[in-house]
Each structure stands twice: as structure tokens, then as C-alpha cells.
Amino acid sequence: MQSNTKALLTCFLMLATAFAGCLESETASDDEDVLRIISYDAFGISDEMLSQFTNETGIKIELTRAGDAGGVLATALQTQDSGLYDMVLGIDNSYLGAALSAELFQPLDVNRSGLSERALASYDGDFAIPFDVGSVCLNYDATHVDGENVTVPSSLWDFTDENWTGKVAVQNPRTSSPGRSFAIAVATMLGEEHDDWWSAMNANDVIVSDGWTEAYEVHYSAGYGVWNDGFIGDAKAVVSYCHSPGVEAYYGENWTTSVALDLPGASFSQIEYAALLSGSKQGASADAFVEWLISEDINSQMPTLNFMYPAIEGGDLPEDAGYRWHSVVPTDAVVMPETIDAKIADWLDAWDAAMA
Amino acid sequence: MRVRAVFVMAWTVAVLAPLALAWQQLDGVAERSIFDTLASFEDRFQTSGALEFTFRVAILSTLLTLAIGVPLAWNLGRHRWPQHALLRSLFTTPFVMPTILVAMGFLALLDPWPWFRQDGALLALLLAHAWFNLALVIRFCEPLLATLDPSLEEAARLLPKGRTRWGRMRHLWAPLFAPSIAAAGAMTFLFSFTSFALVRWLTPGQRNLEIVMANQAEWAGIAIPELGRAPSEIIMAAAMVQLLTILASLGLISWLQARRNLMHLPRVEDAREPPTTVAGLHVIVMAILVLSPLVALLISSFQIRGEWDTAGWSAAFEGARTGIGVPRAMWSSLVYAGLTLCIAVPCGYILADVIHGLEKDRPRLAMAVDVMAMLPLAVSAVIIGLGVLIGLIRTEPELARSWWIPAYGHILLTTPFVVRILLPAMREIDPDLDAAAALLGAGPLRRLLRVRLPLLRGALIVAASFVLAISLGEFGASWVVVKYTDWTTLPIMIDELLGRPGFDPVPRAAAHAAGVVLLGLTMVLFMAVERFRPTGSGGEF
């Protein structure tokens, strides 16, 4: 049987090589100028635009999608110093402190003068360049808040009363970056009381999902999920972005019943960064790519491409179909990356215990 | 013999190396012992309720699958149906369907009944598991039912305990089929225990161990203070529970099947009878039920915000949202499937051959090799993905970029199926044939090509169709260390489309459209080969 087995193996290995040939012809050769970027799944810059960039500059972009903002950081940490990737796109200010203290980045040489104050609020330096911003806050269904029995909440504690029992959906902050941003805002706003609030929310049957998608499209009654299979609609409030109602209106012919809750301090300004990984030799190409990303032409399209505000000075949401009208720019919780870095482990542990 | 010993060792290394690497990395980060972590499972949101939910779902799914599957296998196996091969393959295709599409299909199907999304969510999940695992019951039981010598039943009629139908059920059929049913049940338990996409989509807010691990996976093995050590600890504890449970059920399956082989039942070519009306109705209703989630998915791919629209289909084919369209993604999928086929089938053949060769003289060792061959099904993709990543980064980071890394995952995952399909077929070959051919002067290659392979033809074709179908639908993105658009397969394309926020309704419809193409492709490939399978062959898958 021995040579029998050998013959069989040989035949199939030859076949396998033939198939492999089909794949190998597609790989990029090493001399090309390639930027290997880790980004999150929902990153919305289309491949068409990326190939436009390639045509203009000769720099090829290879995107690897790695879950959400946390996944981007995790992948960067796991492959640190391996030279596998050159850049990260989408690490936000809630993760920036951890990334900086892990010495994950090397400086970029990019002119930041065109960026807005809001974009540079958390961090203004060479290691991470903001390319879009957006605030995370609660959205509510205006048809539930009738003004008589249920009024617009004026405090987070309002959500712990019976009008909101089983009607608020949040995300697990260990698995979702909007969930994490919101948990940071709550911890900053309520201080020592934040775990009491979460315990009270837990007692009030708050709905917790692992990702934004499930919370928003399965549970939220005033979102686009109403059109989807499997829609439940039990939540009358959900953690999302303060401009999500604007996006709803933009795709819903200027109609939505979703409203962003403008509650000072109960929102977190999420700023997303592009950064160059230490160990990469593609510094010059990365500079060119970031310059392109924060150029007026590209960056002003963030609201429709990536559903976020532009990071450039004077950048705003388009006025088409109620996008800007339905969006809110709230007074965000003031918290710096260093504070998050120092406290996040405790906050998350407290959250886990309060919600168990 | 030496080549095969080396091969078994190489396989063992290929399976265990990622496991060991992942374990070492997790162990380096974790501070608490597995038992401490398990003891505090209920005190943390991330893990509370997961153990109980996992076991409850797996046990209930197994019971429901058997309750639905055994009568169907009976009616299918005992009667001669028009288009029997087609019918049989129809009932087995669900098993090779990508679960995320099954979940989409079930959501579309159950949409008119909101009850299934809240109070009835668990029932929806159990039904989906039954739908998915129906194939196991049919494959394990039907061949024997179709070929068992009818004189057995006639003899039983004459005996006191076999006079009534119920008596024959209890004293003849039940003992005969208990091992097959138990093996199918153990397999169903295994797949329901490790179910991921169906649980995630059909029971919102509930976590089984697989989801718990996937949730913590991204931070596993990273030791930075901001994250705490909990993710690595949770994964180790959950993986340990999962591994022990699954090894136990794999051992049970291997033992049951060896036992079943000892029964030496009298078989005939074809023992099927003409169908009755009741049986006909039953089979027709079941066929409609099996097709319904797929039809529901097809319908929803043509709908955008409640209106009929083909925008999803055109977006999917043009690749407007993903950079590459369905045709290109389909080509990549087929290339990977072909590559997997070329390696997984010979791997499975050799492993099955080794197990078969050892069975007579060293049954314990045979069982050990058998369990090793099945292990990739048992270990969570999270762990193996992590191990592959760590292994590559430590040794040769450039390798992580190579095209064959995804294929490696596909091969590990499909080879166990080849073993399960080929092994019973090998047991049925008369060993004297090979010896006689050798005596007549046939060389080893000639014996392989002219004697063994033709005798195994049916089983090899079935194995090939399984490999192709599973490889085509492999969503295990965690296998893929580095994803490049050049090699975007259909499942990855669908995954990307579903990853976008759905404010813009087109990507979701495009995902459904690409899903329908994937399901169609899988079904055609799978059903096309089914007719090569003689009645009564197989018996495991």
C-alpha cells in the first residue's frame, strides 16, 4: 500500500498546484508601492475611490477588515512589529490612549492646520491624524415620547422609570465601540454613581446586544430595521450616533420619527484616526494617503461615505433630505484619552458586574 | 506503512500545533485558573447564562431533530419514491448550507410571525437546528432502512412479540436502529453545541459558549493593562468545556459506529416498498418545509424596503459596494473549493485507510486516530484562528499573506467529513480482492486504480461533493489572517455587505442576492453528484 499512497498523493498534489496557479497569478509583486491597512468592517470609502487614489499616486491600497474599532486595535497589537501592516484606519479616541501607551505608532508628517477644533480636541499630534468625527448618544422614538405620559428625558435616571422598562437598547461595551463610547460618557457624567445607574437599568430590563447592528436594526422601533426581516422593535431608545436620525432622513425621503437626545454630558465625541504603525517602511506613502483622506474633496464626503462628520474645518453634514436638520451636535462628555486609558478596565469590570 | 505513519503524524501536528500555540499564548496572559473563571461565570455579564444555554439548546435541538428526522428517514428509506436520489439529496442539502444564510432565510420565513422573535425565539432556533441537522438522521438511518432484508420483518411477524406493528417497532426496529439513531443524535448534539450564526441571529440577547468565545476573541492573548486579563481567561475556560464535551461525543460516535459494524445485518439490494398516501403527504410536506427558508431568502433578495426591486441583484453583480462582483467572487470560491478538494480528499482517504487498517488488531489506536481526524470539527475556529496567527507571526510573518492560509482552514475542516464518508465504504470492501489482484501480478498503483478506487467510487464522489459544498460556504473568517480583495470569496463578500450599517438598504439586498447565488451553486453541485450514490451506500453521511 505504501507506493499506492505515494502515487495518490503525487497525483493530487499536481492538481493542487494547478489550482494554486490560478490564485498566485493574482498576488501583488513585492516591488510595488503597497500600503497595507487595517480598517473596520463598516469603513465606507469605496474601492472605486481607492483605485482613483492609486491611479493618481501609484500607491496601491490593500484593506484588511478587522471587525470594529476595537478589532482594528487588537489586530494591530497582535501583529505589532511583524511588518504585516503599515497603517490602521479607525482606531478612535476611546482606544487611542491604549494604542499610544503600547507604542504602536510612528509619527506621520501631515499638515494638521486644515482640521477642525472638534477633530483635534482629544489629541493633537503626529502619531494619529483624525479623519472623521461623530457623537455617540441615545436616540429615541418620537412616537413613544408623547409629551403627556412620557416626556423627553432630562436626565439619564429618567430611563430607569417604568415608562422605559424593557424599552432601551444598549450595546455590550466589550464587543461594540458605540457601546464602549456610551459607557465612557456615562462613567464620566455620573462618576461614582455610574454602576448604580447600570444596575438600575439592568433592573429595568435594559436590552443589551453584542453589536450596534442588532441593537439598532432588530430592537429599535424608529430605525430602518422596521423594513428588515426579523425586526422586533421593542426598544424605544437606542445607543447610536447623534446624527443617526439625519442618516435615517437622508435615506428615508426626509422622514423619520427618530430623534437624538440632546442631554449635555450624556454623549461621547468619537474621533476616528489614521495612524502609521511602527515597523512600517511606508511612511511617505502613508503621508500621501492621509493627506488625500483629509483633503477637502474626499473628507467632505464622509457623511455619505462613512456616515460620520468630516474632520476638516468647516466640514458639515449635507443639507439634502434633512440629513443636517435631523442631526444634533450635543455637548459631549469631556474626557481625555489618558483618563480613559487609566480607568477603562475598572469601568468595564464594574459594568460587567452590574449587568450580570 | 511508514509513509502513512508519517502522514498521520503530520496531520496531528497540523491540527494540534495551532491549538498548542493558542493555548500557550492565552495561558501566558491569564492569571486565574480555569476553575476560578468557571466558578465566576455567572457573576459577569459576558458569560452569565452561557453554560446553561449552550447545553439546553444542544440537548433540545438533538431531541427535536430526532423527533422530526426519524419518521422522515423511515418514510424515505422504506418506500420507493419517484426521483428518489433527488429527493434524498434535497433533504441532505441543508447540512452543507452556510449557516449565516440559513439564519437569513429563517428570519425572512418567520417574519410574518413576530412571536418567533421574542417568546418563541428559542423554538425558532431549535427548528433551524433541526432543519440543518435533518441530513444527519437521514444519512445515518436511511441506507440501512432501504436495504435491510425484508425476511427479517416477515420472521418477526410469526413471533409472539412481533405480531403487532408496535411490537415489531419495539422489539425489531428499535434495537436494530438504536446505534444509528444514537450516532446521528450525538452528531446533532455536536453541531448544535458549536452553533454560532444561527444562535447569534435567531435568539437575540442569548449567548452560547461559541458566541462568548467569539466576543472575547479579538482581545485574547493580548497582555495590555487597559483590557484586563478576562478575555483570555474566559476563552480558555469556555474552550476547555467545549473541548471536553465534544471529545466525549466524538468518542461516543466512534464507539457507536464500530458497534454498528459488528451487527452484520442481512442486507438486500433494495428492500423498498411502494409508497403509501400518508407517507407521500408526509414527504411532500417535509420537502416544502425544507425548501421554504431558501425560497424566503430568494424573495427577500428582490425586496427593498417592502417594495419589489432588483437593485440588490444589480449591486451584487456589479460589485458596486464591495469592489468585486458576484462572478469574480464566485470564481475565487470555486478555485478555493477545487484546491481544497485536491488536498482534503487524499488526506481523508489516507486517514480512513489507516483507521480501517488498525481497526482489527489495535482498536484503541484506531479510535485515537479517528478522534484526531475529527478534532478540527471540535475545536473552536476562534482558537485555531488565533493559533495560526500567532504561529505565523512568530515564525514567518510573510507567510500570513500567502494565498494558501484560507485553504489550510478549509482542508482541516473538510477532511473529517471525507473520513466519515470513506470509512464505512472501506469496511464493506472484501479484503481478499486486493490480495487476489496482487497474486495475479497487479502492481500497487494498478491495484489502487483498478480495484480500490472503482470500488470506492460512490463514496469518493459523495465525499467530493461534501468537500466542495462545505468549502464553498465556509464563512469562518477567523481562519483568514489577512483578507485581500483579490481573493474575496462569495461568503466573504456577503459578510462584508452585511457588515455595513443598513441605512442604505441596497447592501443588505445585495447580500441576499449573493447568498441566493451561493446557495444555488452549492445545491447544484451537491445534487448533481447525488445520483452517483447507490441505494444503501454511505450510512454515515
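For the numbers below, each heavy atom of this structure counts, side chains included, while hydrogens, waters and symmetry mates do not. Convention: sequence-line order gives letters A, B, ...; per-chain numbering from 1.
- Ranked by heavy-atom pairs under 4.5 Å with chain A, the first of B:R117, B:R446, B:R305 is B:R305.
- Neither the backbone nor the side chain of A:S51 comes within contact range of chain B; no heavy atoms are under 4.5 Å apart.
- With a 4.5 Å cut-off on non-hydrogen atoms, A:E217 touches chain B through its side chain but not through its backbone.
- For the pair B:Q303 (side chain) and A:W227 (backbone), a donor-acceptor distance under 3.5 Å is absent.
- Of all the heavy atoms in A:D229 and B:A108, the pair that sits closest is OD2-CB, 3.2 Å.
- In this structure, chain A has no heavy atom under 4.5 Å from any part of B:P114.
- Looking only at side-chain heavy atoms (C-beta outward), A:M355 and B:Q46 stay at 4.5 Å or farther from each other.
- Taking a 6.0 Å sphere around CD of A:E338, one finds it holds more than 12 heavy atoms contributed by other residues, nucleotides or ligands.
- Heavy-atom distances place no part of B:A296 under 4.5 Å from chain A, backbone and side chain included.
- B:N215 CG to A:R174 CZ: the interatomic distance, rounded to the nearest 0.5 Å, is 11.0 Å.
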Intermediate values then yes/no, side-chain contact (heavy atoms from CB on, under 4.5 Å), B:W219 and A:L73: CA-CA 9 Å; B:W219 299 113; A:L73 175 60; 3.8 Å; yes
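- Here A:G71 is the residue among A:G252, A:A215, A:G233, A:G71 with the most heavy-atom pairs under 4.5 Å with chain B.
- The residue among A:I207, A:D234, A:N228 with the most heavy atom pairs within less than 4.5 Å of chain B is A:N228.
- Interface residue A:F231: only backbone heavy atoms are found under 4.5 Å from chain B.
- Proximity to chain B (any heavy atom under 4.5 Å) is shown, for A:V208, by both the backbone and the side chain.
- B:F45 and A:A356 get closest at one heavy-atom pair: N-CB, 3.7 Å.
- Taking chain A as the reference chain and counting heavy-atom pairs below 4.5 Å, the highest number among B:I304, B:D111, B:L498 is found for B:D111.
- With contacts defined as side-chain heavy-atom distances shorter than 4.5 Å, the pair B:D495/A:R65 does not qualify.
- Residue B:D43 touches chain A through its backbone alone, counting heavy-atom pairs closer than 4.5 Å.
- Among A:D349, A:I232, A:V247, A:D210, the residue with the largest count of heavy-atom pairs under 4.5 Å with chain B is A:D210.
- In this structure, A:F307 and B:P501 have side chains that are in contact, with non-hydrogen atoms separated by less than 4.5 Å.
- Of the atoms belonging to B:L202, not a single heavy atom falls under 4.5 Å from chain A.
- Here B:I211 contributes atom CD1 and A:T175 contributes atom OG1; the two are 11.0 Å apart, rounded to the nearest 0.5 Å.
- The part of A:E214 that comes within reach of chain B is its side chain, from C-beta onward, which places non-hydrogen atoms under 4.5 angstrom from that chain.
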A:N172 and B:R207: side-chain contact (heavy atoms from CB on, under 4.5 Å), yes or no, with the steps? CA-CA 12 Å; A:N172 179 352; B:R207 290 177 191 79; 3.9 Å; yes
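- With a 4.5 angstrom heavy-atom cutoff, A:S82 touches chain B via backbone and side-chain atoms both.
- Taking the ring centroids of A:Y250 and B:F503, they lie at or beyond the 6.0 Å cut-off.
- Interface summary for chain A: among B:Q216, B:R508, B:Q118, the most heavy-atom pairs under 4.5 angstrom belong to B:R508.
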